[in-house]
Amino acid sequence: MIAGSNGAEGDGRSQAKHVEFEGVSKSYDGHTLVVDDLNLGIGKGEFVTLLGPSGSGKTTILMMLAGFQPATSGVIRIGGRSVQDLPPRKRGIGMVFQNYALFPHMTVGANLAFPLEVRGIAEERRRERVTRALDLVRLGGLEDRRPGQLSGGQQQRVAIARALVFEPELVLMDEPLGALDRSLREEMQYEIRSIHQRLGVTVVYVTHDQQEAMVMSDRIAVLNGGRIEQIAGAEGLYEEPERAFVARFIGENNRLHGEVLLVEDDLCEVDVGGERIRAFRIAPCGVGDTVTLSIRPERIAIKPQQDLYHNEVDAVVEDMTFLGDHLRVRLAACGRRDVVAKIPNIVGHGAMMVGDPIRIGWTVNDCRALDFEGEEEIA
Amino acid sequence: MGLVLPLLIFLGVTFLAPLGTMLVRSVYDPVVADALPATLTALREWNGEGLPPEAAYEAAAGEIGAAREARTLGQVASRANRLQSGLRGVFTRTGRDLREVVEGPWRDAMAAIDSAWVDPGTWHAIRAAGERITARHYLNALDMQRLADGSVARQPEERRIYLPLLWRTLLVSLAITVFCLVLGYPIAHLIAHARPRRAGLLLALVLVPFWTSLLVRTTSWIVLLQTQGVVNDLLVAIGLIGDDGRLSMVYNMTGTLVAMTHVLLPFMVLPLYSVMRSIPPLHMRAAASMGATPAQAFRRVYWPQTLPGVGAGSLLVFILAIGYYITPALVGGSSGQLISNMVAYHMQTSLNWGLAAALGALLLVGVLVLYLLYDRLVGVERMSLG
Ligand SMILES: Nc1ncnc2c1ncn2[C@@H]1O[C@H](COP(=O)(O)OP(=O)(O)O)[C@@H](O)[C@H]1O
Ligand SMILES: [Mg+2]
């Protein structure tokens, strides 16, 4: 497990926090909180992603940081200084918007020169920096084109170059790749990542795509309904989700609901469809509470060797799908018919037929007792 | 294709045909030539000095009598009268009195009826009026005249009417366009970037006057602006002006400017609104995030993107203003009259349709030139009418 993978405090690259949210809340209409008591510290040079479904408040957080929306309560600090009274233009933040927001009536060169021009930088210096920024995003020589003459990917690069050309220390990106197709998106993910590493700027990145967040970020803050569910690196979120929402949102998992029978330090026993399952007690549950057990499909072993697994139950094969490198098996177990196991396609993986009764098992470490979100499943 | 045919026919009948007729009328006038063919033939022998030969008098006497019988003498007389005032009476009198004369010499007989017949100017006028294809309406509309020797010269200063009026019309239209732009730009901006419900309400406020009868809107300005009107009462009430110092704001140029700006404002607001709505509000945020002040962001990012709307709205308002008739007629008094009021006068009162047509054609040319200029500078395809 990687270091600093839990807790709102986290650890930036350096001790000094570049950006700090302290108890920040936001309401547009005066009663519903769109952002609810946000506490987040971002280190200098760190790449932090806000990940959450649409409407979870990601854009609102960025807009408060950029100064376009006032926080209803709480303090936002950049470089240790409260920015409450600082207008957006004085915050020195580079921004990349989902729809690029390139100025259509200006050439690419003029778009890039704009932030330098309003800063009163002289013509030759301007041209030099524009050229440098365009080279950075590998668009050298396209100064005289209009944004409308560029492809979506090129426009996005121009938008990134424009956000970087005045050398801000903090760059915000709001779903910058949302409008691109898949292969281009992956290429741009790599590129943004490498630019970040070269320049060492602090990046706050927003996306609703968990894959994108995992590829790019030092740390990911998973947002749900205006609250941070968990902040951790990609591996931490996947391996050690602390909330049922995070387990559901990041990767695939089996969620078994059951009642706690026994609590024993950080372990517990849960009754799931008549089976007694031992699990890691993550949610602060007591005897009689309902919890969600989260088990990743690839951690379920078929026909387990005795003693290796703390949990073993009977199952029946319901359905099998061959997916090349792995076999996806749907099983009836623990009173449910939607338990999924992924079996790697390696030498000697057991031959099975639909309808076969088998044994399955998993360890306590791979079975986390999380909060109960309610029965309704999100497909 | 078959579906648009009725529309094309409709356009042809209601638009192109009258336009064509008008343009033809401005250069083609057969009335005198048809009524006095023999006279005009006889005048061809005349070198223009002294009096024409007796043959011309004889032909004229016969044809004036015939025209009287055919009841076309009035039309002939009014055309001759435009070239030399007083000739209307001469023709009418001559037509009436010639009935008693049965034989020549015709020159003496006609001279006895009216001494104008021994004035060479009369015959010059008849010869000029007899041209079927003529530039005289255009010369007239441009305050020019053809001298006896055939050369073209400007009218004497005090007789110039149309050029000063055209010039005034141009300036007034320009002023109204500027007023509409200055007033309409913030309104359009407000509507374009308001919340949907408020935007709908504001748009309705702009459009309701638009849907109200033009007459009602114009006359309500009279109610507001007249000497005993609401605005003056208010100014007196708050003591800004004395009761004897009431401002005259209607039946003059002020009335024309105020009422026309109001009437034409929607034509500026609508194209601006549609262009502004297509500008993402994100652009202003992007500009601010890059360090631009609101003024810089407006000047460099917002304003240039609204130019197609500014162009379309201005062109629309200017073109409408240049040909506007009802409002200046109602609230313009005499100092607030525009060229279109003169066109109407010649259509309805003086019945000089040729001159009315020439004035109209000049306006049309002016507008087309403007349109081409706009196309050259901005590009018509970038114009957005909303
Ligand atoms: N300007 C605004 N006025 C009112 N409500 C807003 C505004 N912007 C966003 N919201 C609401 O706030 C919530 C969070 O929105 P947003 O921050 O855009 O979420 P995300 O970017 O995660 O999709 C949504 O329910 C949205 O409807
Ligand atoms: Mg968003």
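Quick caveat, the model's predicted, so the values are computed rather than measured. Any value given below was found using the heavy atoms of this structure, including those in side chains, with hydrogens, waters and symmetry copies removed. Each chain gets a letter, A, B and so on, in the order its sequence line appears, and its residues count up from 1.
No other option in Thr293(B), Val301(B), Leu282(B) has as many heavy-atom pairs under 4.5 Å with chain A as Val301(B). Per-residue heavy-atom pair counts under 4.5 Å with chain B were compared for Ala101(A), Gly94(A), Ala159(A), and the maximum is reached by Ala101(A). Comparing Ala287(B), Pro294(B), Ala297(B) by heavy-atom pairs within less than 4.5 Å of chain A, the highest count is held by Ala287(B).
With a 4.5 angstrom heavy-atom cutoff, Leu172(A) does not touch chain B via any of its atoms.
Residues Arg119(A) and Gly291(B) share a closest heavy-atom pair of NH1-CA, 4.1 Å. The two residues Arg162(A) and Ala286(B) come nearest to each other via the heavy atoms NH2-CB, 3.9 Å. For Phe68(A) against Arg285(B), the heavy-atom pair with the smallest separation is CZ-O, 3.1 Å.
Counting non-hydrogen atoms of other residues, nucleotides and ligands closer than 6.0 Å to CD of Gln84(A) gives a total of 12 or fewer. Within 6.0 Å of CZ in Arg81(A) there are 12 or fewer heavy atoms belonging to other residues, nucleotides or ligands. The local environment of CD in Glu169(A) is sparse, with at most 12 non-hydrogen atoms from other residues, nucleotides or ligands closer than 6.0 Å. Within 6.0 Å of atom NE2 in His105(A), more than 12 heavy atoms from other residues, nucleotides or ligands are found, so the atom counts as buried in its surroundings.
Under the 4.5 Å side-chain criterion, counting only non-hydrogen atoms from C-beta, Arg300(B) is in contact with Glu117(A). His283(B) places a side-chain heavy atom less than 4.5 Å from the side chain of Pro104(A).
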